[in-house]
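We're numbering straight along the sequence, starting at 1. None of these values were measured; they are calculated from a predicted model.
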Amino acid sequence: VTEAQALGGVRVVELATVLAGPGIGKYLADFGADVVKVEPPGGDPNRRMGWRDADDPDAYFHKIINRGKRSVVLDLTADSDRDRLLALLADADVLIENMRPGKLESLGLAPEALHGRNPRLVVTRVTGFGQDGPYASRPGFATLAEALSGFAAISGEPDRGPLLPPIALTDEVTALVGAFATLLALRHAERTGEGQVVDVNLLESMLQLMGPLPTAYAHLGYLQPRLGSGLPYSVPRGTYRCSDGHWVAVSATAESVARRVLRLVGAADDPRFTTAPARMAHREALDALVRGWISARPSGEVISAFEAADAAIAPVQDMAAVVAHPHVRAREALVEVDGVLMQNVVARLSRTPGRIRNAGPPLDPVSIAASRAAPGPATTVRDTERGQGGPR
């Protein structure tokens, strides 16, 4: 018996490429939405981005970000295919698009026109910088959002340059924000029959991750320096190398944990470290003490001692260790779908759990009639220009 899913019956049309926009569609599909991805002739760039099997034309990015979706191939420069898209949207609940501001309108698909045909449609628009403002028309690259949000400035070692994340962090965060915001708009549409526009962008999604840093600057003039793996309000906190060359990560943000770590390394009575403000004032000395204690011992001994003291520690794992980790396996945090290992659904619902129906499918130009039939293999979307929330 197939379990009911929270978004069963919700119909989504996805006009988005690369990661942030399709990521929204992925999350909705995971929880039961029927997502039809519109792909241009020749296929979405996701199919050719990054790693893939030697005998498979489609990249893993495509198989993961477009999982659970169906597909139709349309050329939006052709009047006939735009008419087919309008037919898809006539009974859809959500449209996801990530074209530059104004491009949807230039295709005759402005939200006002779409709402004239389908008043309850939620139009989720993903861009680099939002639908208005002086940066609205700029290319929407995640790298730019990471630089402009303040994230890069605080990332890296104190004596080195700022760093960008080595993963598609901004796109993934924006996908979560977009899925959340789309569900809010869907809730309103279900209650009132009124659709609306959801304006999601990379810069403001990253700015949310900055926490109190804008506030601290505005009120105190505080500018956070680069601290490597450290936090300005917690010490010891970071990564430390053991005598066998393995690395561990330690956190003493909680006062009770900080006391346990101090006892463990023999500094419980040191007046420089008895309070959180004192530890902050003597950050370098405490960090050096902890680093020295850990570096004198092999990782197994360090981890065992921390765990025995009920202090927070974990080994720094590469992906080989992550895939093999017993907790990851027990939780089925990674699952195989159509022969491809990928992350499982992001949250567990007790009554309406998520489920991955299929990996991103092969490119298969199909008719609109076929795309509206019973759920089957899907594909992807793209505008005739570069989409927003796009390549890094």
Side-chain angles (χ1 to χ4, degrees), residues 5-17 20-29 31-40 66 68-127 131-132 175 178-200 366-375 378-384 387-389:
Q5 291 194 275
L7 298 180
V10 173
R11 312 194 79 164
V12 180
V13 176
E14 183 188 296
L15 280 176
T17 187
I24 298 172
K26 179 194 75 170
Y27 288 121
L28 301 183
F31 288 93
D34 177 15
V35 181
V36 176
K37 185 170 185 65
V38 179
E39 203 162 4
N66 293 316
K69 301 174 187 177
R70 301 189 289 132
S71 174
V72 62
V73 174
L74 297 176
D75 180 358
L76 296 184
T77 65
D79 291 343
S80 59
D81 278 6
R82 285 200 301 275
D83 289 341
R84 294 187 180 102
L85 175 62
L86 289 171
L88 276 174
L89 293 171
D91 63 349
D93 299 291
V94 176
L95 168 64
I96 302 169
E97 67 94 3
N98 70 334
M99 305 173 195
R100 288 197 194 186
K103 185 60 181 178
L104 196 68
E105 288 80 354
S106 72
L107 291 169
L109 301 170
E112 296 81 6
L114 298 179
H115 285 143
R117 293 168 173 265
N118 180 353
R120 60 186 175 81
L121 183 67
V122 172
V123 181
T124 298
R125 313 191 72 174
V126 184
T127 59
Q131 293 296 317
D132 53 29
F180 161 72
T182 299
L183 292 178
L184 296 180
L186 269 176
R187 172 65 169 157
H188 177 77
E190 289 170 354
R191 296 173 67 180
T192 67
E194 295 175 346
Q196 60 183 298
V197 174
V198 176
D199 180 351
V200 179
V366 293
S367 68
I368 287 290
S371 77
R372 300 304 281 175
T379 51
T380 351
V381 58
R382 165 115 172 129
D383 166 39
T384 53
Q388 298 266 309

Working to the nearest 0.5 Å, report the span between CG of Leu74 and CD of Glu39. 10.0 Å
Report yes if some heavy atom in the side chain of His115 is under 4.5 Å from a heavy atom in the side chain of Leu121; otherwise report no. yes
Search all heavy atoms of Thr127 against all heavy atoms of Gln131 and return the closest pair with its distance. CG2-NE2, 3.3 Å
Any heavy-atom pair between the side chains of Val10 and Leu28 that's under 4.5 Å? no
Would the distance check show the side chain of Asp34 and the main-chain N or O of Arg11 forming a donor-acceptor pair, the cut-off being under 3.5 Å? no
Under a 4.5 Å cut-off applied to non-hydrogen side-chain atoms, are Ile96 and Val35 in contact? no
Sorted by chain and number, sequence neighbours left out, salt bridge (Lys or Arg N to Asp or Glu O under 4.0 Å) with Asp81 holds for Arg84
Go through the steps to decide whether Asp93 and Arg120 satisfy the test side chain to side chain contact (heavy atoms under 4.5 Å, CB included), and finish with yes or no. CA-CA 7 Å; Asp93 299 291; Arg120 60 186 175 81; 2.5 Å; yes
So, for Ala181 and Val198, which heavy atoms are closest and what is the spacing to 0.1 Å? CB-CG1, 3.5 Å
Kindly write out the residues that satisfy salt bridge (Lys or Arg N to Asp or Glu O under 4.0 Å) with Glu194, not counting sequence neighbours, or none if the list is empty. none
Please report the shortest heavy-atom distance between Gly178 and Val200, naming the atom on each side. CA-CG2, 3.9 Å
What pair of heavy atoms forms the shortest contact from Gly25 to Glu14, and how long is it? CA-OE1, 3.5 Å
Which heavy-atom pair separates Gly108 from Ala113 by the least distance, and what is that distance? O-CB, 4.4 Å
Leu7 and Val12, any side-chain heavy atoms less than 4.5 Å apart: no
Walk me through it: do Leu85 and Leu15 pass the test side chain to side chain contact (heavy atoms under 4.5 Å, CB included)? CA-CA 10 Å; Leu85 175 62; Leu15 280 176; 3.8 Å; yes
Contact check, side chains of Leu76 and Lys103, non-hydrogen atoms, under 4.5 Å: no
Taking the side chain as everything from C-beta on, heavy atoms only, tell me whether Leu86 gets closer than 4.5 Å to Leu114. yes
Specify the closest pair of heavy atoms between Val126 and Ala20, including all atoms of both residues, with the distance to one decimal. CG1-CB, 4.0 Å
Give a yes or no answer on whether the side chain of Asn118 reaches the backbone of Ala92 with a donor-acceptor pair at less than 3.5 Å. yes
Under 4.0 Å between a side-chain nitrogen and a carboxylate oxygen: does that hold for Asp199 and Arg125? no
Calculate, to the nearest 0.5 Å, the distance between atoms CG and CD belonging to Leu109 and Glu97 respectively. 9.0 Å
Hey, is the main chain of Pro22 close enough, under 3.5 Å, to the side chain of Asn66 for a donor-acceptor pair? no
Nearest 0.5 Å, please: how far is OG1 in Thr124 from CG in Asn98? 11.5 Å
Just so I know, are the side chains of Gln196 and Pro111 near enough to count as touching, which here means a heavy-atom distance under 4.5 Å? no
